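Single-structure report; data block below.
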Amino acid sequence: MADANNNPASNVAAAIAAALAWSSTPEARKAAVSYLESVKTGEIRFLASTSFLLVKKDWSSEIRLHAFKMLQHLVRLRWEELNPTERRDFANVAVELMSEISDPCEEWALKSQTAALLAEIVRREGINLWQELFPSLVSLSSKGPIQAELVSMMLRWLPEDITVHNEDLEGDRRRLLLRGLTQSLPEILPLLYTLLERHFGAAISEVGRQQLDIAKQHAAAVTATLNAINAYAEWAPLPDLAKYGIIHGCGFLLSSPDFRLHACEFFKLVSPRKRPFDASSSASEFDSAMRDVFQILMNVSGEFLHRSVTNAGVIDESEFEFAEYICESMVSLGSANLQCISGDDAKLTIYLQQVIPLG
């Protein structure tokens, strides 16, 4: 139970409950909403300390989720009102929250909000804070599947403003974020590959041992890692995605019924990526990475075509979505990057034999 003597936090909690309760009268709900708005716009240190108290396990899920939204409001709209020391302290408390919420009993929504809060802090504070926090996040991710899932969630939210327009993030800061994250890819991508490999292997192992609850935790970590990878697939340099094993890892997971749709999403995002216009080494590295993508998708397509032929055209209904993803990626791959295999007659012939029937 929450500490009843903690009057400021209890007052805010009571207002949240009144604002959300269907049983509240219109007057009570209006008064509660007005009070919460006054907290959000009032003394910033009270807002921060009270909200951090209300995200603790002592309170109901509804109150905790609302408190997370209050913290996110502070970070998005009032961050500059905190001094540098207070911002660092705020960030450190958010990292501690990541550790505290790594519990099988915690709801997914609360985990997601925790990861989103830390990502928002990094986006606001900049790459220097990210470099300070990264070792702590690597350490946290190594402690177990739930911690790995949380860190992957955070890594997924981190580049959101690069691919999704955010009116709160002006152009210069968006460019700084893109530059900072690009510089951090040699740390981020190997971590994602490690988490993918570690928890896929662990999930398979635990299923073999009939430890299904633990296997589900590892599977959730794999899914969260794939979602994070897909947040980088649209903009991270393709040679980096190849160099750090991401293309290979996602290609491998195309053979896993549990994870192949998330892996397909990766190839759907990278297939239409445009080749650099210059004749630099980056262009040749792009071609090499894209040839790997061609080979992976052609292998999967060939296996699927063989299976459909040998089964007299009967395709399991669960495979339709998978087939659609592969077809879509194969077509966009050829539309944007056919030149990458144009010098390899054998590969080009196989590709055309597979893709022309799709039309």
Side-chain angles (χ1 to χ4, degrees), residues 1-4 6 9-10 12-14 16-17 19-21 47-75 89-123 133-134 136-158 160 191-192 194-196 198-200 202-203 206-207 211-229 231 258-259 262:
M1 292 292 293
D3 182 2
N6 191 349
S10 296
V12 176
I16 294 171
L20 297 176
L47 170 61
S49 61
T50 302
S51 299
F52 272 126
L53 282 173
L54 294 179
V55 297
K56 300 290 186 180
K57 295 180 181 179
D58 305 326
W59 304 94
S60 70
S61 296
E62 292 79 11
I63 289 173
R64 295 172 73 190
L65 285 170
H66 195 91
F68 272 117
K69 294 184 185 303
M70 292 169 71
L71 288 170
Q72 290 168 6
H73 167 86
L74 185 157
V75 176
D89 290 344
F90 193 108
N92 289 333
V93 174
V95 173
E96 290 171 11
L97 271 179
M98 290 267 287
S99 183
E100 290 173 13
I101 209 163
S102 301
D103 187 312
C105 298
E106 289 285 13
E107 296 178 20
W108 185 89
L110 290 166
K111 295 178 184 176
S112 179
Q113 289 296 317
T114 308
L117 173 64
L118 187 56
E120 189 73 51
I121 292 168
V122 172
R123 287 199 296 267
L133 295 181
F134 187 72
S136 298
L137 293 171
V138 172
S139 176
L140 179 63
S141 73
S142 68
K143 291 182 178 178
I146 298 175
Q147 291 86 347
E149 179 188 17
L150 268 168
V151 171
S152 290
M153 283 179 173
M154 187 267 177
L155 291 171
R156 175 193 182 181
W157 291 119
L158 197 57
E160 185 181 34
L191 174 60
L192 289 173
T194 296
L195 296 178
L196 201 64
R198 177 187 298 157
H199 294 286
F200 177 75
E206 296 298 343
V207 168
Q211 301 294 318
L212 299 186
D213 287 342
I214 300 176
K216 287 178 182 178
Q217 292 178 14
H218 287 290
V222 173
T223 299
T225 304
L226 284 169
N227 286 335
I229 286 170
D258 292 327
F259 304 114
H262 288 88

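Given the structure is predicted, the values throughout are model-derived calculations rather than measurements.
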| query | With no hydrogens and no angle check, is any side-chain donor or acceptor of S99 less than 3.5 Å from a backbone partner on V95? | reply | no
| message | Could you report the tightest heavy-atom contact between A67 and S51, atom names first, then the distance? | response | CB-O, 3.7 Å
| said: So which atom in L118 and which in A91 form the shortest heavy-atom distance, rounded to 0.1 Å? | reply: CD1-O, 4.2 Å
| message | Rounded to the nearest 0.5 Å, what separates atom NZ in K69 from atom NE2 in H66? | response | 9.0 Å
| said: Tell me the closest heavy-atom pair linking L47 and M70, and the distance in Å. | reply: CD1-CE, 3.7 Å
| said: Quick check: closest heavy atoms across P145 and H218, and the distance to 0.1 Å? | reply: CB-ND1, 3.6 Å
| For S60, all residues meeting side chain to side chain contact (heavy atoms under 4.5 Å, CB included), sequence neighbours excluded | E62, I63
| Under a 4.5 Å cut-off applied to non-hydrogen side-chain atoms, are E106 and R64 in contact? | yes
| Where do S141 and L195 land on the side-chain contact (heavy atoms from CB on, under 4.5 Å) test, with the steps shown first? | CA-CA 8 Å; S141 73; L195 296 178; 4.0 Å; yes
| said: Under the criterion side-chain contact (heavy atoms from CB on, under 4.5 Å), I'd like the reasoning laid out for L71 against V75: C-alpha separation, chi angles, the key distance, then a yes or no. | reply: CA-CA 6 Å; L71 288 170; V75 176; 5.6 Å; no
| message | Looking at every non-hydrogen atom in both residues, tell me the closest pair between H199 and A148 and how far apart they are. | response | NE2-CB, 3.3 Å
| How long is the span from the CG atom in N92 to the CG atom in L133, to the nearest 0.5 Å? | 7.0 Å
| request: Determine, stepwise, if the pair L212 / E206 fulfils side-chain contact (heavy atoms from CB on, under 4.5 Å). | output: CA-CA 7 Å; L212 299 186; E206 296 298 343; over 6 Å; no
| message | Treating S112 as the side-chain partner and W108 as the backbone partner, does any N or O pair qualify as donor plus acceptor under 3.5 Å? | response | no
| query | Can you name the side chain to side chain contact (heavy atoms under 4.5 Å, CB included) partners of D258, sequence neighbours left out? | reply | S256
| Residue list, side chain to side chain contact (heavy atoms under 4.5 Å, CB included) with L65, at least two apart or on another chain | A109, L110, Q113
| request: Please name all residues satisfying side chain to side chain contact (heavy atoms under 4.5 Å, CB included) with T50, sequence neighbours left out, ordered by chain then number. | output: A9, V12, F46, L54
| query | Would L150 and M154 satisfy side-chain contact (heavy atoms from CB on, under 4.5 Å), going step by step from the backbone distance to the final call? | reply | CA-CA 6 Å; L150 268 168; M154 187 267 177; over 6 Å; no
| remark: R156 meets the salt bridge (charged side-chain N to carboxylate O under 4.0 Å, His left out) criterion, sequence neighbours left out, with none
| Can you tell me how far CG of L155 sits from CG of L191, rounded to the nearest 0.5 angstrom? | 6.0 Å
| request: Could you name each residue pair satisfying salt bridge (charged side-chain N to carboxylate O under 4.0 Å, His left out) that touches residues 89-105, not counting sequence neighbours? | output: K56-E100, K57-D103
| Qualifying residues under ring-ring contact (aromatic ring centres under 6.0 Å, His included), relative to F52, sequence neighbours excluded | F90
| task | Provide the full list of salt bridge (charged side-chain N to carboxylate O under 4.0 Å, His left out) pairs with a residue in residues 107-117, sequence neighbours left out, each pair given once. | result | K111-E149
| Who pairs with S152 by side-chain hydrogen bond (donor to acceptor under 3.5 Å, both in side chains), at least two apart in sequence or on another chain? | T225
